[in-house]
Every structure is written in C-alpha cells, then in structure tokens.
Amino acid sequence: MGTPIVFSAKFLGGSYKRFKPNGEIESIPMADFQLPPATMFSFRRAHNVTRTNLLGANGTVKEIYGFDDWIIDVRGLCLDEPTRSAHDQLDELLKWEELADSFGVSGKLFEQRKIARVCVADWSDNLQQASPGVIPFQFQLFSDEAIELVL
C-alpha cells in the first residue's frame, strides 16, 4: 500500500501441535506468516517480588525477585491487499489461534525483549458492517521459554 511499516512481526513456521476434533493432539506444518501491516503491539511484564513486613520498622524486605511472562496485546486490521484479501489474512490468523502449542515469533520489538516464542491466550475479532475488506482483530500473547529440567 506504500505505507512504511515501522515494526513488522512474523510468526515463524514449523511443526506445531493442535487438537483434533476428537481431542487427540496432532502435529501440523505451519508456514511463516507475516502479520498484517496495520498491527500494533503493547508489552507489559510484572515483577515477582515477595515482600516481608518488618516488625517495629518502616518498609519491607524484598526476598525473591523474578519476572513474570511478557503479556503482549496485539491489535490490528486485516485489510485487502493486492496479494491477499482481508479474509485470507483472518483465516491464516485463526489457524495460529487454534494451536495448542507455543510458536516462534520474530520482529524487532520481540528481539529487544528477548522473546522467541509465544502462545495465544485470548482472541477477538469483529466484522464491521459496511466496511468490506476491513476486519479488525485483537488478541493477547504470553511469552514462552523452554524450561529444561535436569535429573
């Protein structure tokens, strides 16, 4: 459309898990998916701090300090483009939403926060009446890291 994209992002293809209609898990191949150009991200993350009150004094002792998962709010518009329609983009996004797995993600905003994998936590889309070729969507992602346990 000729509009510069400041922070593009891509879902990385690979073999991911999803539920079959009977409840079993299957692996399916997914191709890379470039998110629509009109997609905005907001990031937030809580700090996990355990505080203990001091008896006879002011303040608290901070005992454990860690970080929660990143919560990423994603909002955007699927717009008709010369190479793909808004409905094609929505269909592809819904395939990612159906996964029962975390998946790879790339983009400058994710790399700055060292986020390599995410999973979909919440989804919403709203088809606008009298707006052909425009489908607003929003969803929430949680960052995910592989945790390896050593026995």
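Atom set for the values below is all heavy atoms of this structure, side chains included, hydrogens, waters and symmetry mates excluded.
Among residue pairs with one or both ends in residues 136-147, those qualifying as side-chain hydrogen bond (donor to acceptor under 3.5 Å, both in side chains) are D73-Q140, S102-D144; sequence neighbours excluded.
Distance alone, capped at 3.5 Å, is enough to place a donor-acceptor pair between the Y16 side chain and the G104 backbone. Side-chain atoms of E24 do not come within 3.5 Å of backbone N or O of F19 as any donor-acceptor pair.
To the nearest 0.5 angstrom, L109 atom CG is 5.0 Å from F43 atom CZ.
The hydrophobic cluster containing V61 also includes L54, under a criterion of side-chain heavy atoms closer than 4.5 Å among ILVMFWY residues, counted directly or through chains of members. Other members of the cluster containing L151 do not exist, because no ILVMFWY side chain is joined to it at under 4.5 Å.
F137 pairs by the ring pair (Phe, Tyr, Trp, His ring centres under 6.0 Å) definition with F139, not counting sequence neighbours. Residues satisfying the salt bridge (Lys or Arg N to Asp or Glu O under 4.0 Å) test with R18, not counting sequence neighbours, are E26. Evaluation of the side-chain hydrogen bond (donor to acceptor under 3.5 Å, both in side chains) rule for S85 yields D88 as partners, not counting sequence neighbours. Residues satisfying the salt bridge (Lys or Arg N to Asp or Glu O under 4.0 Å) criterion with R84, sequence neighbours excluded, are E81. Annotation: ring pair (Phe, Tyr, Trp, His ring centres under 6.0 Å) contacts of F41 (sequence neighbours excluded): F110. In this structure D125 satisfies the side-chain hydrogen bond (donor to acceptor under 3.5 Å, both in side chains) test together with W123, sequence neighbours excluded. For A38, the side-chain contact (heavy atoms from CB on, under 4.5 Å) partners are L77, L79, not counting sequence neighbours. Annotation: salt bridge (Lys or Arg N to Asp or Glu O under 4.0 Å) contacts of K95 (sequence neighbours excluded): E92. Under the side-chain hydrogen bond (donor to acceptor under 3.5 Å, both in side chains) criterion, K62 pairs with T60, not counting sequence neighbours.
For W70 and F142, the gap between ring centers reaches or exceeds 6.0 Å.
A continuous path of hydrophobic side-chain contacts links L99 to V120 [ILVMFWY only; heavy atoms under 4.5 Å].
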